[in-house]
Amino acid sequence: MAKAKAAPSSSSGGKAAKKKKWSKGKVKDKAQHAVILDKATYDRIMKEVPTFRFISQSILIERLKVNGSLARTAIRHLEKEGLIKRIVHHNGQLIYSAFLSYPFFYPSH
């Protein structure tokens, strides 16, 4: 009798089978970035950022944990002070580099 009951459920076209459960997906934690420039962050920007080889808005956001608008303002300030130089300006993505005395983009001969 047990076999007779099990047989109809397996041949019912899959409707009685377990329903597929979709995963909810991974949820990224909300970043807690600084939105106001305090003295400690300003000093850190002025000291560390000019030593970076590649400087962009996203690099500052990631490394210094600051807001995007704060990162853009800091980059403009550093450029005005002459501590960094612009390499590429493409739409909204500005790429800067440290103000080095030698061009590191070209291999030395």
Side-chain angles (χ1 to χ4, degrees):
M1 285 258 317
K3 284 184 182 180
K5 284 187 178 182
S9 65
S10 63
S11 64
S12 63
K15 286 197 173 200
K18 274 189 178 178
K19 241 181 145 178
K20 180 164 175 142
K21 291 189 175 153
W22 294 94
S23 66
K24 301 290 183 199
K26 294 182 181 176
V27 178
K28 191 176 178 184
D29 292 335
K30 184 140 177 74
Q32 297 294 322
H33 293 297
V35 293
I36 298 174
L37 190 64
D38 57 347
K39 178 76 173 135
T41 309
Y42 176 78
D43 291 341
R44 193 165 166 221
I45 287 170
M46 295 303 284
K47 182 182 172 202
E48 291 180 17
V49 174
T51 64
F52 295 166
R53 229 175 159 156
F54 178 85
I55 302 163
S56 70
Q57 178 184 343
S58 50
I59 294 289
L60 263 61
I61 291 169
E62 184 182 317
R63 292 189 189 172
L64 301 176
K65 303 291 186 241
V66 293
N67 198 352
S69 59
L70 211 57
R72 283 192 303 272
T73 307
I75 287 174
R76 279 196 300 268
H77 178 70
L78 289 167
E79 186 182 21
K80 197 189 307 184
E81 294 285 319
L83 296 171
I84 61 175
K85 64 179 176 180
R86 185 183 300 176
I87 298 171
V88 177
H89 179 187
H90 183 267
N91 292 346
Q93 187 67 24
L94 300 169
I95 298 173
Y96 294 82
S97 177
F99 211 55
L100 301 172
S101 59
Y102 62 92
F104 61 86
F105 293 107
Y106 305 107
S108 59
H109 298 292

Under a 4.5 Å cut-off applied to non-hydrogen side-chain atoms, are Leu37 and Ile45 in contact?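 Sidechains of Ile45 and Leu37: in contact.
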I need the minimum non-hydrogen distance between Arg53 and Ser97, along with the two atoms involved.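 Smallest interatomic distance, heavy atoms only, reads O-OG, 3.2 Å.
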Taking all atoms of both residues into account, what is the closest heavy-atom pair of Pro50 and Ala98, and its distance? O-CB, 2.9 Å
Could you check Leu78 against Met46 for side chain to side chain contact (heavy atoms under 4.5 Å, CB included), going step by step and ending with a plain yes or no? CA-CA 7 Å; Leu78 289 167; Met46 295 303 284; 3.6 Å; yes
Taking the hydrophobic residues Ile, Leu, Val, Met, Phe, Trp and Tyr, and joining any pair whose side-chain heavy atoms are under 4.5 Å apart, which ones share a cluster with Ile36?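 Other cluster members: Val35.
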Just how far is it from atom NE2 of His33 to atom CG of Leu60, taken to the nearest 0.5 Å?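 Going from NE2 on His33 over to CG on Leu60, the span is 11.5 Å.
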Check side chain to side chain contact (heavy atoms under 4.5 Å, CB included) between Leu94 and all other residues, then give those that pass, not counting sequence neighbours.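 Listed in chain order: Arg86, His89, Tyr96.
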Only pairs under 3.5 Å count here: list side-chain donor-acceptor contacts from residues 61-74, not counting sequence neighbours, and write none if there are none.
unit_1, atom_1, unit_2, atom_2, d
Lys65, NZ, Glu62, O, 2.9
Thr73, OG1, Ser69, O, 2.8

Scan Ile87, Ile84, Leu83 and name whichever one has a side chain to side chain contact (heavy atoms under 4.5 Å, CB included) with Ile55.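 Per the side chain to side chain contact (heavy atoms under 4.5 Å, CB included) rule, the option paired with Ile55 is Ile84, out of Ile87, Ile84, Leu83.
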